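Each remark here refers to the structure printed beneath this line.
Everything quoted here is computed from the prediction, not taken from an experiment. All residue numbers refer to positions in the sequence shown, counting from 1.
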Amino acid sequence: MTELSQDTTIRKSVFLAAPKTRVWDFLTKADLLKEWFHPADADLAAGEEYTLRSQKDGDRMCWGKVVEARPHDYMKWDFTVGPMQGQMTSVTWELSDAPGGTRLTLIHSGLPDNADGFGLVLALDKGWHGFLLNLHDMQ
């Protein structure tokens with residue numbers, strides 16, 4: 001019998017035709033976050049809480065705190081969304097040089113590891129996939 005993996009960590013990488021400094025701006029600047037993800041109440045900075053809002057109605061979509069930020073290489077967020085009822089997860093962003101641009105890696109951990117929570121994992125996985133694709137359009 002095959003043992004089921006209980007690892008529900010989402011891991012995704014994209015290659016972007018932009019330098020790390022530009023990709024970092026898209027991860028931290030409120031005016032650029034809204035271009036590919038969600039509008040932010042303010043720029044994201046280490047030690048600061050953040051709120052990202054719905055493009056449609058301005059309602060709070062996701063929130064947490066920027067736990068660590070090492071410009072232009074690494075950032076870690078505490079992260080939650082409404083369906084998680086306040087349970088925090090961890091989102092890390094790793095930026096590395098690639099020929100002609102940047103490799104951006106997202107790791108979202110601390111997600112539900114049971115069948116009841118798998119719908120949320122699927123929704124977040126699909127969401128991150130789309131949001132990271134949006135970054136290919138950054139100017």
Can you tell me how far the CZ atom of R22 sits from the OG1 atom of T102, to the nearest 0.5 Å?
-> 11.5 Å
Quick one: pull up NZ in K76 and CD in E94 and give me the separation to the nearest 0.5 Å.
-> 11.0 Å
Linking I/L/V/M/F/W/Y whenever any side-chain heavy atoms sit under 4.5 Å apart, do V91 and I107 land together?
-> no
Taking side-chain hydrogen bond (donor to acceptor under 3.5 Å, both in side chains) as the test, write out the residues that go with K12, two or more places apart.
-> D125
Do K20 and D97 have side-chain heavy atoms sitting under 4.5 Å apart?
-> yes
The salt bridge (charged side-chain N to carboxylate O under 4.0 Å, His left out) partners of R60 (sequence neighbours excluded) come to none
Just wondering, are more than 12 heavy atoms of other shown residues or ligands nearer than 6.0 Å to CD in E49?
-> no
Rounded to the nearest 0.5 Å, how far apart are CG of D78 and OG1 of T89?
-> 8.0 Å
Any salt bridge between D41 and R53, counting N to O under 4.0 Å?
-> yes
For the student: nearest non-hydrogen atoms of P112 and G117, plus distance | CB-CA, 3.7 Å
Looking only at heavy atoms, the pair that brings A45 and V66 closest together is O-CB, 3.2 Å
Are V67 and V81 linked, directly or through other ILVMFWY residues, by side chains that come within less than 4.5 angstrom of each other?
-> no
Between CG on residue L106 and CE on residue M75, distance to nearest 0.5 Å | 10.5 Å
Looking at residues at least two apart in the chain, or sitting in another chain, which of them share a side chain to side chain contact (heavy atoms under 4.5 Å, CB included) with N134?
-> W36, F131
Check whether any side-chain heavy atom of L32 lies under 4.5 Å from a side-chain heavy atom of M138, and answer yes or no.
-> no
How many angstroms lie between CG in D31 and CZ in F26, if you round to the nearest 0.5 Å?
-> 8.5 Å
At their closest point, which heavy atom of H136 faces which heavy atom of F15, and how far apart are they?
-> CE1-O, 2.9 Å
Does a side chain donor of either T9 or S109 reach within less than 3.5 Å of an acceptor in the other side chain?
-> no
By ring pair (Phe, Tyr, Trp, His ring centres under 6.0 Å) - contacts of W128 (at least two apart) | F37, F79, W93, H108
Restricting to pairs with a member in residues 40-67, which pass ring-ring contact (aromatic ring centres under 6.0 Å, His included), not counting sequence neighbours?
-> Y50-W77
May I ask you to check whether S13 and R103 show a side-chain donor-acceptor distance below 3.5 Å?
-> yes
In terms of heavy-atom contacts, A40 and A30 come closest through O-CB, 3.8 Å
Hphob cluster co-occupancy, L133 + L52, side-chain heavy atoms under 4.5 angstrom = no
Any idea which heavy atoms bring L120 and P83 closest together, and the distance?
-> CD1-CB, 4.2 Å
Min side-chain heavy-atom separation L104-L135 under 4.5 Å | yes
Measure the CG-CG distance between L33 and D25 for me, rounded to the nearest 0.5 Å.
-> 10.0 Å
If every non-hydrogen atom of Q55 is compared with every non-hydrogen atom of H38, which pair is closest and at what distance?
-> NE2-CA, 4.3 Å
Contact check, side chains of T105 and R11, non-hydrogen atoms, under 4.5 Å | no
Below 4.5 Å, heavy atoms only, C-beta onward: do L124 and I10 meet side chain to side chain?
-> yes
Taking the side chain as every heavy atom from C-beta outward, state whether T92 and S90 have any atom pair closer than 4.5 Å.
-> yes
What residues form a ring pair (Phe, Tyr, Trp, His ring centres under 6.0 Å) with H129, not counting sequence neighbours?
-> none
